[in-house]
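Structure first, then comments.
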Amino acid sequence: MQPTHTASATPASQRNVLRGAIFIMATSSIGPAFLTQTSLFTEKYLASFAFAIVISLLIDIGAQLNIWRVITVANLRGQDVANRVLPGVGHLISGFIVLGGIAFNIGNIGGAGLAMNVIFGVPPVIGSLIAAVLIIGIFLLRNAKGVMDSVMQVLGLIMLCMIGYAMLQSSPPLLEAVNRSFNPDDPLILLLPIVTLVGGTVGGYISFSGGHRLVEAGITGVQNVGAVTRAAVTGIATTGVVRICLFLAALGVVSQGLALDAGNPAASVFSHSMGTIGYKMFGVVLLAASVSSVIGAAYTSVTFMYSLHEAIQRNNQRMVIAFIVCSTLIYSLVGQPVKVLVVAGTLNALVLPLALACILWASRKPSIVGNEYRHPTWMLVFGLLAMAATAVGVVMSFNAFVQFWQS
């Protein structure tokens with residue numbers, strides 16, 4: 001089913017959509033799990049964790065460039081591209097992504113509740129309910145998607161500025177971090193964090209979030225390839241800058257011999273470097289990360305359900321609200337421990353090899369991307385390497401994953 005488009009956008013509104021697509025992808029990946037993973041792995045692997053960040057960013061770029069370009073040129077959402085390649089596979093991918101989106105959103109809602117507790121002192125469950133109501137309010141507005149684009153940009157800039165400030169305050173060992181980016185102590189032991197980072201930044205729904213936003217807004221076709229490519233690279237770069245800043249902030253803290261709180265490691269990074277003010281600042285960062293991730297997960301997961309029935313697309317705002325309500329209720333009844341947030345990123349990486357394989361196959365099929373489009377060979381190779389690295393990494397890290405879960 002071909003997606004429906006809105007009326008022709010003005011240049012200004014198109015730029016806002018492009019920025020919105022960049023930030024919905026970037027901020028979706030910068031959630032509570034992102035903050036937890038980066039802090040925990042920095043404490044465990046110290047400066048060598050920089051190598052894992054560099055490798056994961058290269059894989060991320062290989063995945064995002066291919067996915068964004070193919071689905072926008074084809075003017076089809078990811079699941080529809082996969083179904084064109086091999087009937088039924090798109091529905092399978094959609095199932096995995098929707099289930100993963102719910103799992104991640106439980107953690108995101110929990111993060112919002114914790115953030116409200118840090119900032120205002122309200123109980124986390126009550127805080128999560130307040131945050132959920134505020135987010136639902138966005139999707140009740142007539143111009144919900146336009147407001148969503150603007151909100152994601154604001155939240156992304158808040159996180160970038162505050163995490164960058166925390167990095168400066170912690171005085172990290174920059175030269176050692178640069179050296180270990182290319183010369184880690186033991187590259188093999190970094191396999192689990194690499195897979196986890198990839199799963200958290202482009203696994204599951206995240207790699208399709210920005211592309212689906214562009215398809216829905218009608219920024220598609222060969223004529224928009226340049227703008228789409230720049231948006232994809234900018235989105236990954238934004239995520240990379242935020243992760244590097246948080247890594248350096250955490251490295252500065254642990255390099256001083258200070259231990260991070262196992263229950264809330266990211267909060268320790270801010271409180272150790274800036275005291276009480278830093279702890280409150282962490283609350284703001286966590287709230288921005290959680291809210292943006294809730295929006296991104298709910299919006300994108302619902303777009304993967306469009307192919308099931310046209311009524312879902314017609315009532316997409318109601319479906320997004322239902323998705324958020326469902327995640328909030330599950331969190332209120334079950335909760336979401338720190339370990340599950342880390343494991344979710346690893347499991348989410350399982351979806352990427354299958355989805356990326358379909359995208360790469362589609363890039364060579366004129367019946368999907370059209371006769372005018374020629375997918376760059378270097379990009380195809382880059383995508384194949386990203387797919388292979390993720391698939392091999394998931395298999396090889398299975399034992400490490402089991403050990404981490406049992407620890």
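- Remark: side-chain polar atoms of Asp80 are not paired, donor with acceptor, to backbone N or O of Leu76 under 3.5 angstrom.
- Using a distance-only test at 3.5 Å, with no hydrogens or angles considered, a donor-acceptor pair links the side chain of Asn83 to the main chain of Gly88.
- Just one of Ile93, Leu92, Leu99 meets the side chain to side chain contact (heavy atoms under 4.5 Å, CB included) condition when paired with Phe96; it is Leu92.
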Pair Tyr373, Arg69 - check side-chain hydrogen bond (donor to acceptor under 3.5 Å, both in side chains), show working.
CA-CA 10 Å; Tyr373 178 70; Arg69 283 175 65 115; 3.0 Å; yes
I would like to know whether Phe104 and Ser293 meet side chain to side chain contact (heavy atoms under 4.5 Å, CB included); could you show each step before the answer?
CA-CA 8 Å; Phe104 264 98; Ser293 294; over 6 Å; no
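- Aromatic ring orientation, Phe41 versus Phe49: tilted (interplanar angle from 30° to 60°).
- Note on Arg180 versus Asp185: salt bridge recorded, some NZ/NE/NH1/NH2 to OD/OE distance being below 4.0 Å.
- Between Phe51 and Ser181, every side-chain heavy-atom pair lies at or beyond the 4.5 Å cut-off.
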Show your reasoning for whether side chain to side chain contact (heavy atoms under 4.5 Å, CB included) applies to Asp149 and Ile24.
CA-CA 7 Å; Asp149 291 336; Ile24 196 174; 5.9 Å; no
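- Here the closest heavy-atom approach between residue Phe247 and residue Leu46 is recorded as CE1-O, 3.6 Å.
- Judged purely by atom type and a 3.5 angstrom limit, Asn316 uses its side chain to pair as donor or acceptor with the backbone of Gln313.
- Around atom CG of Leu175, no more than 12 heavy atoms belonging to other residues, nucleotides or ligands sit under 6.0 Å away.
- Looking at Thr72, its side chain never comes within 3.5 Å of a backbone N or O of Gly221 through a donor-acceptor pair.
- Summarising the geometry of Leu214 relative to Leu18, their closest heavy-atom pair is CD2-CD2, 3.8 Å, with the distance given to 0.1 Å.
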Given side chain to side chain contact (heavy atoms under 4.5 Å, CB included), test Gln317 with Leu140 step by step and report yes or no.
CA-CA 7 Å; Gln317 289 180 213; Leu140 290 175; over 6 Å; no
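- A side-chain donor-acceptor contact under 3.5 Å links Tyr299 and Glu216.
- Minimum interatomic distance between Ala74 and Val81 (heavy atoms only, all atoms of both residues): CB-CG2, 4.5 Å.
- Between the Ser170 side chain and the Met167 main chain, a donor and an acceptor come within less than 3.5 Å of each other.
- Panel note: side chain Gln256, backbone Gly252; a donor-acceptor pair is recorded below 3.5 Å.
- Residues Trp68 and Gly211 share a closest heavy-atom pair of CE2-N, 3.8 Å.
- The shortest side-chain heavy-atom distance between Ile324 and Phe139 falls under the 4.5 Å cut-off.
- Atom CD1 of residue Ile295 and atom OG of residue Ser209 lie 12.5 Å apart, to the nearest 0.5 angstrom.
- For the 3.5 Å distance criterion, the side chains of Ser29 and Thr239 qualify, holding a donor opposite an acceptor.
- Here the CG-CG distance, from Leu134 to Leu129, works out to 11.0 Å after rounding to the nearest 0.5 Å.
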side-chain hydrogen bond (donor to acceptor under 3.5 Å, both in side chains) between Thr303 and His212: does it pass, once the steps are laid out?
CA-CA 7 Å; Thr303 65; His212 278 203; 2.7 Å; yes
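- Panel note: side chain Asn75, backbone Thr220; no donor-acceptor pair is recorded below 3.5 Å.
- Between the side chain of Ser292 and the backbone N or O of Ala289, at least one donor-acceptor pair lies under 3.5 Å.
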Does the side-chain hydrogen bond (donor to acceptor under 3.5 Å, both in side chains) test come out yes or no for Gln79 and Ser307, once each step is laid out?
CA-CA 8 Å; Gln79 72 272 24; Ser307 302; 3.3 Å; yes
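- In this structure, Ile97 CD1 and Ser207 OG are separated by 6.5 Å, a value rounded to the nearest 0.5 Å.
- A heavy-atom distance below 4.5 Å is found between the side chains of Ile359 and Phe208.
- Residues Ile219 and Gln14 meet the side-chain proximity criterion, which asks for heavy atoms closer than 4.5 Å.
- Interatomic distance, CE of Met25 versus OG1 of Thr300, reported as 11.0 Å (0.5 Å rounding).
- Residues Leu114 and Pro124 come closest through the heavy atom pair N-CB, 4.3 Å.
- A donor-acceptor contact shorter than 3.5 Å links the side chain of Glu43 to the backbone of Leu260.
- You'll find the side chain of Cys245 stays beyond 4.5 Å of the side chain of Leu248, heavy atoms only.
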Give the C-alpha distance, both sets of side-chain angles, the deciding distance and a yes or no for side-chain hydrogen bond (donor to acceptor under 3.5 Å, both in side chains) between Asn16 and Gln153.
CA-CA 9 Å; Asn16 190 57; Gln153 293 173 54; 3.1 Å; yes
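- Using cut-offs of 30° and 60° on the angle between ring planes, the pair Phe282 and Phe270 is tilted.
- To the nearest 0.5 Å, atom SG of residue Cys358 and atom CD1 of residue Ile67 are 10.5 Å apart.
- With a 4.5 Å cut-off on side-chain heavy atoms, Met148 and Arg213 count as touching.
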Can you list the steps and then say if Phe34 with Arg243 is a side chain to side chain contact (heavy atoms under 4.5 Å, CB included)?
CA-CA 8 Å; Phe34 176 102; Arg243 191 182 293 278; 3.2 Å; yes
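- Asn66 contributes atom CG, which lies 10.0 Å from atom OG1 of Thr229 (distance to the nearest 0.5 angstrom).
- Sparse packing is recorded around CD1 of Ile277, with 12 or fewer heavy atoms of other residues, nucleotides or ligands lying under 6.0 Å away.
- The shortest distance between side-chain heavy atoms of Leu384 and Leu360 falls below 4.5 Å.
- Under the 4.5 Å side-chain criterion, counting only non-hydrogen atoms from C-beta, Asn108 is in contact with Pro32.
- Between Val325 and Ile136 the shortest heavy-atom distance is CG2-CD1, 3.8 Å.
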